[in-house]
Every structure is written in structure tokens, then in C-alpha cells.
**Student:** 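One structure, as C-alpha cells, below. Some questions next.
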Amino acid sequence: MPPQEKTYHFTPVFEYSSSMHWIVLFICIVIGIIIIFQSVRIAFSKNKTNKTTYRYLILAVLFLLYNLLNGLLPNTSLPGPIFIQYITTYSISIVMCVYLVWYLYQEFNIITPNKFFKIKNLIWILSFTFVFLFVLPYYFTESLNFARSLFLVFPTFLSITFLIYFFMTIKKEVKRQRYFKIQTYLGLSSIFSIILLPLLTYFGDFQPITQPLVTMAFFFVTIMEINSYSYRLKNTYILKRNIGREYNFTNRENEIAIQILKRKNYKDISSNMFISYGTVRKHASNIFTKSNVSNKDEFIDKFKE
């Protein structure tokens, strides 16, 4: 009886070339597209001195670095100690969080009376705790879990406290226009997303969960930018021309200029935009100086249809 031929079955096995989860890879691609779009927008813009566009671009780059580094590191195949890789990923996470807070301070014109939450003080506090509660313990004990648990207690407490502080700072018991309410809720949502970083990291590094949830903070800010642009676009009918671009107004000055042209008084503008009366006057003064007028009446006469 002739021997039977053996049949071999080959089952292909696919492996990722890196440790990055596909969800994180997708996020990186989306943010990369946004960075390219914003860079092209700046390159072809006539107003290249507008700090708001650069501020948003830097925020996008930081979130991209956060996702790339935390998606690819730690990697034992890379030269150098794992210790340095963890310090790199944690450092970029801290920088990203502090920059986002500063970004929202600028967006909402928050001049914090609480010294503890001033940006410079936050940088010093987080740097000090990072070095003495994470870097040194990790270096001497070689235990990531111990160093992480020791360090993240303070940032977690700080994040929750800051969320409450930020909410109390921008929350006003006044009737606002729908646009400014939306901006407020988006800002709060962004802060809520970013405080999830120390909370989730405390229990471990769950890449497909932690990074998408934290990166939602960036997408909330992106919606804020789109909402701000839409608001100005809808209200351009009251302008003879694009005076914001012509006179180099910031986003906030554009918003205030539109309300001045609608003959809103400073008190109403202050209530609508949840900023102080003095801040409105300061912005109005900058608007009048840039547009070469002396007061509100001259400004309205110059630009109102």
C-alpha cells in the first residue's frame, strides 16, 4: 500500500512592527493631519503674527508627541536604559498638561488670583515632585510601580482640585449667549479629560484606554477653535471688511469687536464672556488703538454698515 502524502497547513501570523495600539496610531494620524492643515493655514495666512494659531499648533504637536512616545515606549530594543525612556514619556505628559492649562488660561483670559495655580508655580511644583517622588525613587529602587504610585498621588489630588478651581473661576450665575456657554462646557470637558491622565496612570499603563481618553482634551479644544471661527464667520455681516485680519485682532478681540458693533455695553459683554469688566475695557482699548480710533462711538461709525 503506497504511503499517504502528508498535508501541511500554513496559518499566517501577523505581528505589529511596534507596540503602538491601532487606536493610538489612528489618533496620531488624525492629529498629524490637523498639524499639516494648521501649518498650511499659517503659511498662507496674511496675518502671520496671530499668536492664537501658533498656540494651537504647539498644542497639537505636544499631543502628537505624547501619543507617539507613550505608544512606542518603553522599547527594550532601543539603546539606553528603560529608565530614560520612562522619564521621557512622563516628562512630555507633564509638559502637555501644563501647556493645556496655560492655553485655556489664555483662551478664557483667566488671571488667577490663586498663586498656587499660576503657571510658573505649577511648573515648579510638578518639576519638584517629579524629580523627588518619581525620578530618584525609581533610580534607587528600580521599581516603576513604587515610583509611579508615590509620584502620582500629588498630581491626582492637584488635578481634582484644579478642576474645581477652574469651574468656579469661569462659572458665573448670569445669562450668557449660547456661543459662550458652549465654549465654557468645552473648556471644562477638556480639563476633565486631562485630569484622567494621573488617575488612569496610577493604576497602570492601559494604552488603548488612557491615551484616547486623555487626547479627548485636545479634540475638545479643537471644537472650541472651530466654534470660535464659526461665531466670527456668522457675524461678519456686520463688518464692512475683515477688520480682524486687517488690524491684527486676536480671537478674543474679534469677539469683543463684534459685540461692540452690536452696541452691547461693556457690562453685557463681560457677562456674556465670563470675564471681568476691567478685562473688557482693556481689550476694547487695544481694539481702538489697533483700529486708529479714540472711543466706541468712533469705532462703530468707522466699521458699522
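Note that the numbering runs from 1 along the sequence shown for the chain.
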**Student:** Exactly one of Phe128, Tyr86, Phe130 should register a ring pair (Phe, Tyr, Trp, His ring centres under 6.0 Å) with Phe151. Which one does?
**Tutor:**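 Running ring pair (Phe, Tyr, Trp, His ring centres under 6.0 Å) over Phe128, Tyr86, Phe130 with Phe151 returns exactly one hit, Phe130.
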
**Student:** Do Leu197 and Ser93 pass the side chain to side chain contact (heavy atoms under 4.5 Å, CB included) test, and can you show the C-alpha distance, the side-chain angles, and the key distance before you say yes or no?
**Tutor:** CA-CA 8 Å; Leu197 178 57; Ser93 299; 3.9 Å; yes

**Student:** Within this structure, what is the CD1-CG distance for the pair Ile195 and Leu213, rounded to the nearest 0.5 Å?
**Tutor:**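 Nearest 0.5 Å value for the CD1-CG distance: 12.0 Å.
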
**Student:** Any idea which heavy atoms bring Ile256 and His283 closest together, and the distance?
**Tutor:**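 So the minimum-distance heavy-atom pair works out to CD1-CB, 3.3 Å.
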
**Student:** Would a single hydrophobic cluster contain both Phe26 and Ile23, if residues Ile, Leu, Val, Met, Phe, Trp and Tyr are joined by side-chain heavy-atom contacts under 4.5 Å?
**Tutor:**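 Cluster IDs for Ile23 and Phe26 match.
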
**Student:** Within this structure, what is the NE2-CD1 distance for the pair His21 and Ile27, rounded to the nearest 0.5 Å?
**Tutor:**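 One finds 10.5 Å between NE2 of His21 and CD1 of Ile27.
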
**Student:** Distance check, rounded to the nearest 0.5 Å: Phe83 atom CZ versus Thr88 atom OG1?
**Tutor:**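 The distance works out to 10.0 Å.
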
**Student:** Tyr90 and side-chain contact (heavy atoms from CB on, under 4.5 Å): which partner among Thr201, Val95, Asn70, Val135?
**Tutor:**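 Only one option passes, and that is Thr201.
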
**Student:** With a 4.5 Å limit on heavy-atom distance, are the side chains of Lys296 and Phe288 in contact?
**Tutor:**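 They are in side-chain contact.
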
**Student:** Is any side-chain heavy atom of Ser127 closer than 4.5 Å to a side-chain heavy atom of Val131?
**Tutor:**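 They are not in side-chain contact.
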
**Student:** Which distance, rounded to the nearest 0.5 Å, do you find between the SG of Cys28 and the CG of Leu72?
**Tutor:**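 Cys28 atom SG to Leu72 atom CG measures 7.5 Å (nearest 0.5 Å).
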
**Student:** At their closest point, which heavy atom of Arg55 faces which heavy atom of Tyr99, and how far apart are they?
**Tutor:**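 Between these two residues, the closest heavy atoms are O-OH, 2.9 Å.
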
**Student:** Ignoring hydrogens and angles, tell me if any N or O in the side chain of Thr222 forms a donor-acceptor pair with the backbone of Phe218 under 3.5 Å.
**Tutor:**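 Yes, the answer is positive, given that a donor and an acceptor are paired below the 3.5 Å cut-off.
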
**Student:** For residues 59-69, tabulate all N or O donor-acceptor pairs below 3.5 Å that involve a side-chain atom, not counting sequence neighbours.
**Tutor:**
unit_1: Asn67; atom_1: OD1; unit_2: Gln211; atom_2: NE2; d: 3.2
unit_1: Asn67; atom_1: OD1; unit_2: Thr215; atom_2: OG1; d: 3.3
unit_1: Asn67; atom_1: ND2; unit_2: Phe63; atom_2: O; d: 2.8
unit_1: Asn67; atom_1: ND2; unit_2: Thr215; atom_2: OG1; d: 3.2

**Student:** Does any part of the side chain of Ile191, heavy atoms only, come nearer than 4.5 Å to the side chain of Leu188, both counted from C-beta?
**Tutor:**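 No - every pair of side-chain heavy atoms lies 4.5 Å or more apart.
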
**Student:** Could you check Phe134 against Leu150 for side chain to side chain contact (heavy atoms under 4.5 Å, CB included), going step by step and ending with a plain yes or no?
**Tutor:** CA-CA 7 Å; Phe134 180 79; Leu150 188 65; over 6 Å; no

**Student:** Provide the closest heavy-atom pair for Ser193 versus Met216 in the form atom of the first, atom of the second, distance.
**Tutor:**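 In terms of heavy atoms, the two residues are closest at OG-CB, 3.7 Å.
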
**Student:** Report yes if the side chains of Leu133 and Val153 come closer than 4.5 Å at any heavy-atom pair, otherwise no.
**Tutor:**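 Of all side-chain heavy-atom pairs linking Val153 with Leu133, none is under 4.5 Å.
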
**Student:** Under a 4.5 Å cut-off applied to non-hydrogen side-chain atoms, are Met96 and Ile194 in contact?
**Tutor:**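 Yes - at least one pair of side-chain heavy atoms lies under 4.5 Å apart.
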
**Student:** Minimum heavy-atom separation for Ser291 and Phe299, please, with both atom names.
**Tutor:**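 Looks like OG-CD1, 3.5 Å.
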
**Student:** Any idea which heavy atoms bring Leu152 and Thr156 closest together, and the distance?
**Tutor:**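 Closest approach of Leu152 to Thr156: O-OG1, 2.7 Å.
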
**Student:** Enter the distance from Arg41:CZ to Ile34:CD1 here, rounded to the nearest 0.5 Å.
**Tutor:**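 That separation rounds to 12.0 Å.
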
**Student:** Is there a continuous path of hydrophobic side-chain contacts, each under 4.5 Å between heavy atoms, that joins Phe140 to Phe146?
**Tutor:**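 Cluster IDs for Phe140 and Phe146 match.
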
**Student:** Report the C-alpha separation of Thr210 and Leu196 in whole Å, then their side-chain angles, then the decisive distance to 0.1 Å, and conclude whether the side chain to side chain contact (heavy atoms under 4.5 Å, CB included) test is met.
**Tutor:** CA-CA 8 Å; Thr210 303; Leu196 292 175; over 6 Å; no

**Student:** Between Gln183 and Asn227, do the side chains contain a donor N or O and an acceptor N or O under 3.5 Å apart?
**Tutor:**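 Judged by distance alone, the side chains do pair up.
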
**Student:** Taking a hydrophobic cluster as the set of Ile, Leu, Val, Met, Phe, Trp and Tyr residues connected by side-chain heavy atoms closer than 4.5 Å, whether directly or through intermediates, do Val101 and Ile58 fall within one such cluster?
**Tutor:**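 Yes, Val101 connects to Ile58 through the hydrophobic network.
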
**Student:** Take Met224 and Leu104, measure what side chain to side chain contact (heavy atoms under 4.5 Å, CB included) needs, and give me the verdict at the end.
**Tutor:** CA-CA 10 Å; Met224 285 175 61; Leu104 293 174; 4.2 Å; yes

**Student:** Do Ile35 and Leu57 have side-chain heavy atoms sitting under 4.5 Å apart?
**Tutor:**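 In contact.
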
**Student:** Nearest 0.5 angstrom please: Ser189 OG to Ile182 CD1, how far?
**Tutor:**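 One finds 11.5 Å between OG of Ser189 and CD1 of Ile182.
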
**Student:** Could you check if a side-chain atom of Phe219 sits within less than 4.5 angstrom of a side-chain atom of Ile31, using non-hydrogen atoms only?
**Tutor:**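 Yes, at least one pair of side-chain atoms sits under 4.5 Å.
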
**Student:** Given the rule that I, L, V, M, F, W and Y join up when any side-chain heavy atoms are under 4.5 Å apart, are Ile123 and Ile125 in one cluster?
**Tutor:**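 Yes, same cluster.
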
**Student:** Same cluster or not: Ile29 versus Val214, using hydrophobic residues (I, L, V, M, F, W, Y) connected whenever any side-chain heavy atoms lie under 4.5 Å apart?
**Tutor:**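 In one cluster with Ile29: Val214, yes.
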
**Student:** So which heavy atom on Ser190 is nearest to which on Ala217, and how close?
**Tutor:**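 Minimum heavy-atom contact is OG-O, 3.1 Å.
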
**Student:** So, do Trp102 and Tyr105 have ring centers that fall under 6.0 Å from each other?
**Tutor:**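 No.
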
**Student:** Is it true that atom CD of Glu142 has more than 12 heavy atoms of other residues, nucleotides or ligands lying nearer than 6.0 Å?
**Tutor:**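 No, CD of Glu142 has 12 or fewer neighbouring heavy atoms, counting only those of other groups under 6.0 Å.
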
